[in-house]
Amino acid sequence: MPELPEVETIARILRPELIGRRIVAAQVYWPRTLAAPATPAEFGRALSGETIESVSRRAKYLLLLFKRGNLLIHLRMSGDLRFLAAREAPGKHDRLTLTLDNGRILAFNDPRKFGRIWFLNDAAPVLGRLGPEPLEDNFSAEWLYAALQARHRQLKPLLLDQTFLAGLGNIYTDEALHLAGLHPARISATISTQEAVRLHQAIRAALTAGIDNNGASIDWVYRGGSFQNHFRVYGRTGQPCPVCGAPIQRIVIGQRGTHFCPACQLR
DNA sequence: AGCATTACCCGCACGC
DNA sequence: TGCGTGCGGGTAATGC
């Protein structure tokens with residue numbers, strides 16, 4: 001469900017609700033949600049009594065930092081975080097709940113059960129292999145050009161590879177490639193310096209537009225975002241390209257649905 | 001052999 | 001009812 005702009009929005013919304021709150025109890029309803037520690041009992045013991053000091057994001061991971069340990073939450077395809085009222089029973093797909101010292105309950109809801117949660121002293125083993133943050137200074141057009149040259153891979157799967165660049169998902173990758181006028185199957189090493197500059201700018205523009213619209217809400221998951229109303233290509237198969245009017249085409253690249261304009265994005 | 005790239009697959013909800 | 005699809009990524013399989 002969430003890509004970088006959605007996780008960023010969730011972090012921003014949760015921050016004032018969570019900072020300074022103490023975890024009173026943790027309840028795990030679907031143990032496989034726990035990536036670490038291994039058992040719900042261990043998890044609950046480690047987390048209980050700890051106070052949330054900060055709420056932030058790295059790539060698509062939501063980070064809740066405590067004095068003793070870091071809670072990492074990855075929502076994957078269908079995960080969401082919501083609040084239950086004091087003593088409210090968990091809903092159908094609530095996989096884990098954290099009861100706060102003000103009585104409210106933070107619930108991790110995840111119909112598809114793909115999401116994962118870690119509570120670790122050191123987050124490096126989970127976050128260490130991630131590529132640069134696309135909105136940070138170390139992601140430059142020069143770096144992107146060199147990194148593209150160093151690989152021989154189609155742009156779509158390469159941009160989705162979190163070890164290459166961290167935070168892009170299926171939506172923002174399609175949107176960025178359309179903004180840049182690049183075909184999703186284009187081989188990375190053939191990109192010119194000018195094209196790399198365009199792609200760099202397009203990635204940032206797509207993500208920034210997503211954040212400005214509180215992310216995107218599609219299907220039955222994630223509510224509150226409005227970026228879905230500004231999609232140029234994603235999910236618009238057969239509809240006119242906003243630039244040239246040609247019908248948007250859908251193909252499959254790397255097992256992922258890929259939307260592009262066959263007129264604006266030539267190979 | 002050893003690295004880089006690709007395919008499979010995991011629950012569930014929804015629309016056609 | 002049945003089938004295709006999906007805001008993701010770990011791991012097995014394959015390619016170079």
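The figures here come from the full heavy-atom set of this structure, side chains too, leaving out hydrogens, waters and symmetry mates. Numbers restart at 1 for each chain; the letters A, B, ... are given by sequence-line order, proteins then strands.
Taking the side chain of A:Met77 as heavy atoms from C-beta on, and the options C:dG10, B:dC10, C:dG6, the nearest nucleotide is C:dG6. When distances are taken from the side chain of A:His74 to each of C:dG9, B:dC12, B:dA7, the shortest belongs to C:dG9. Nearest nucleotide to the side chain of A:Arg32, out of C:dG9, B:dC10, B:dT5: B:dC10.
Checked by distance alone, A:Arg256 brings no side-chain donor or acceptor within 3.5 Å of a matching partner on the base of C:dG6.
Atom CZ of A:Arg151 and atom P of B:dC3 are 14 Å apart (whole Å). In this entry the distance linking CD1 of A:Ile218 with P of B:dG15 reads 13 Å, nearest Å. If you take CG of A:Asp174 and P of C:dG6, they are 10 Å apart, rounded to a whole angstrom. Computed from coordinates, the A:Lys113 NZ to B:dC9 P distance equals 19 Å when rounded to whole Å. Rounding to whole angstrom units, CZ of residue A:Arg129 and P of C:dT11 are separated by 10 Å. Between the CG atom of A:Leu130 and the C1' atom of C:dG9 there is a distance of 11 Å, rounded to whole Å. The distance between atom CD of A:Gln154 and atom P of B:dT6, rounded to the nearest whole Å, is 6 Å. In this structure, the CG atom of A:Leu165 is 12 Å from the P atom of C:dG9, given to the nearest Å.
Residue A:Arg112 has no polar side-chain atom (N or O) positioned under 4.0 Å from OP1 or OP2 of C:dG9. Taking 4.0 angstrom as the limit, A:Lys92 places none of its side-chain polar atoms (N or O) nearer than this to OP1 or OP2 of B:dC12. Applying the 4.0 Å criterion to OP1 and OP2 of B:dG11, one finds that A:His93 has every side-chain N and O outside that range.
The aromatic rings of A:Phe119 and A:Phe43 sit perpendicular to each other, their planes meeting at more than 60°, with 30° as the lower class boundary. Taking the six-membered ring where the residue is Trp, A:Phe139 and A:His200 present tilted rings, their angle falling between 30° and 60°. Using cut-offs of 30° and 60° on the angle between ring planes, the pair A:Tyr61 and A:Trp118 is tilted.
Remark: ring of A:Phe114 stacked against base of C:dG8; centroid gap under 5.5 Å, plane tilt under 30°.
Across all strands, A:Gly257 comes closer than 4.0 Å only to sugar-phosphate atoms, never to a base (heavy-atom distances).
Glycosidic torsion of C:dG4 falls outside 90° of 0, placing the base in anti.
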Using the rule given for side-chain contact (heavy atoms from CB on, under 4.5 Å), can you reason through A:Arg12 versus A:Asn214, listing the C-alpha separation, both sets of side-chain angles and the distance that settles it, and then say yes or no? CA-CA 10 Å; A:Arg12 178 172 55 71; A:Asn214 300 319; 2.6 Å; yes
- Item | Step-by-step side-chain contact (heavy atoms from CB on, under 4.5 Å) determination, A:Val252 to A:Arg250 | CA-CA 7 Å; A:Val252 175; A:Arg250 179 187 180 277; 3.8 Å; yes
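A:Leu81 pairs in a side chain to side chain contact (heavy atoms under 4.5 Å, CB included) with only one of the listed residues (A:Leu98, A:Ile13, A:Asn109, A:Leu75), which is A:Leu75.
C:dT1: no Watson-Crick or G-U partner with both key distances under 3.5 Å is found in any strand. Look at B:dT6: its Watson-Crick or wobble partner, with both distances under 3.5 angstrom, is C:dA12.
Only the P atoms considered, B:dG11 is 16 Å distant from C:dA12, to the nearest whole Å. The separation of B:dC8 from C:dG4, taken at their P atoms, amounts to 15 Å, rounded to a whole angstrom.
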